[in-house]
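To start, the structure itself, in structure tokens.
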Amino acid sequence: MNELTITTPDDWHLHLRDGDILKETVAATARCFRRAIVMPNLVPPVTTTQLAEEYKARILDARPPGSDFEPLMTLYLTNDTRIEDIREAREAGIVAAKLYPAGATTNSDAAVSALESLYPVFAEMAEQGMLLLVHGEVTAAEIDIFDREKVFIDRHLSDIVRQFPDLKVVLEHITTRDAVEFVSAASENVAATITPQHLMLNRNDLLVGGIRPHNYCLPVLKRNTHQQALRDAVASGSVKFFLGTDSAPHEQHRKESACGCAGCYSAWSALELYAQVFEELNVLDKLEGFASHYGADFYGLPRNKGTVTLVREPWQIPEQLTLPNGNPIVPFQAGTMVNWQVK
Ligand SMILES: NC(=O)N[C@@H](CC(=O)O)C(=O)O
Ligand SMILES: [Zn+2]
Ligand SMILES: [Zn+2]
């Protein structure tokens, strides 16, 4: 097969950041995705409907001419989020709220430290049909970083899902066999997104032969058996697993640093990299469901009307891009060849 046409995909987990960089990040995503779930971990975080609406306006302003890209906004949960905040957000068309355990990842210092105290908020979200999106890692110092996802599932997520069977929950950017098994066994109200990096790489790609900061993201890459479980999950064609790139740009000097930031800037090649993985797995016929159908269905949104075509024309991901502020950024998989290209 040399050409593959699929329903226009959506990205169900994306960081666009804010300010000048929107010109870069919005264009990169809008080149092939029609909608994206925009993560709220700005500084300060997007904790209110008003902040979300103002952020949305800045994203729309940054769209390339003629683009019909639609940002789907999310609310950042804190210890102070109230039931009224959820009602107001829902009325304004905000589709989901995001749970970051405090300190778990980039810009999560303002986030939730006492999870159970948010249960009334979760009840209201279930009532309003608002989705709960979860960065599923505990942050307790004594828990090894490679175990943080599994421990979050055991200590917190199992209980949330049990207490709120009507709440739609997306476990974001899953990295372990444990997460695949948990989501597979849960009700139809529980799903997960999977990134290109967690399908393509394991922790050897981070640590063998020198440390590779551009492969560092959170949750951190796991051992190859976990990677294989993620690959099996997408190859199964289960509707519970769908596309979320977690494209998360950080300037080059912030990645290549003594204390490097977590996040891979994958927007320029994500769809093509997913296609490559699905081809390796011999399931290119399952790419459309994963990229374009299951996420929209889970969110209760219409599937897109248009199509995008991928052609087999190998190209090289640039070594470096220049941001609108003049600073360099290194895209995910910089310098490598990709078989597929969006026409
Ligand atoms: N995935 C990452 O490694 N980083 C994300 C935050 C997140 O999604 O956890 C970021 O905002 O940089
Ligand atoms: Zn996250
Ligand atoms: Zn993310």
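Note that ligands are numbered from 1 as they come in the structure, with each ligand's atoms numbered from 1 the same way.
- For ligand 1, the protein residues within 4.0 angstrom (heavy atoms only) are His13, His15, Arg17, Asn41, Thr105, Thr106, His135, His173, Cys217, Leu218, Asp246, Ala248, His250, Ala262, Gly263.
- A donor-acceptor pair is defined here as one N or O able to donate and one able to accept, closer than 3.5 Å; no such pair exists between the side chain of Gln227 and the backbone of Lys222.
- His15 pairs with exactly one of Asn41, Asn107, Thr25 by the side-chain hydrogen bond (donor to acceptor under 3.5 Å, both in side chains) rule, that one being Asn41.
- At a cut-off of 3.5 Å, with distance as the only test, no side-chain donor of Asn304 or Thr7 sits close to an acceptor on the other residue.
- In this structure, a donor-acceptor pair under 3.5 Å is absent between the side chains of Tyr265 and Gln333.
- Around the Zn ion (ligand 2), protein N, O or S atoms at less than 2.8 Å number 2.
- Ring-plane geometry between His173 and His135 is classed as perpendicular, the angle between the planes exceeding 60 degrees on a 0 to 90 degree scale with a lower cut at 30.
- The same ILVMFWY cluster, assembled from side-chain heavy atoms under 4.5 Å apart, contains both Val234 and Tyr274.
- Using cut-offs of 30° and 60° for the angle between ring planes, the Phe164 and Tyr119 rings count as perpendicular.
- By the 4.5 Å heavy-atom criterion applied to side chains, His226 and Thr175 are not counted as neighbours.
- In this structure, Asn79 contributes its side chain and Ser113 its backbone to a donor-acceptor pair below 3.5 Å.
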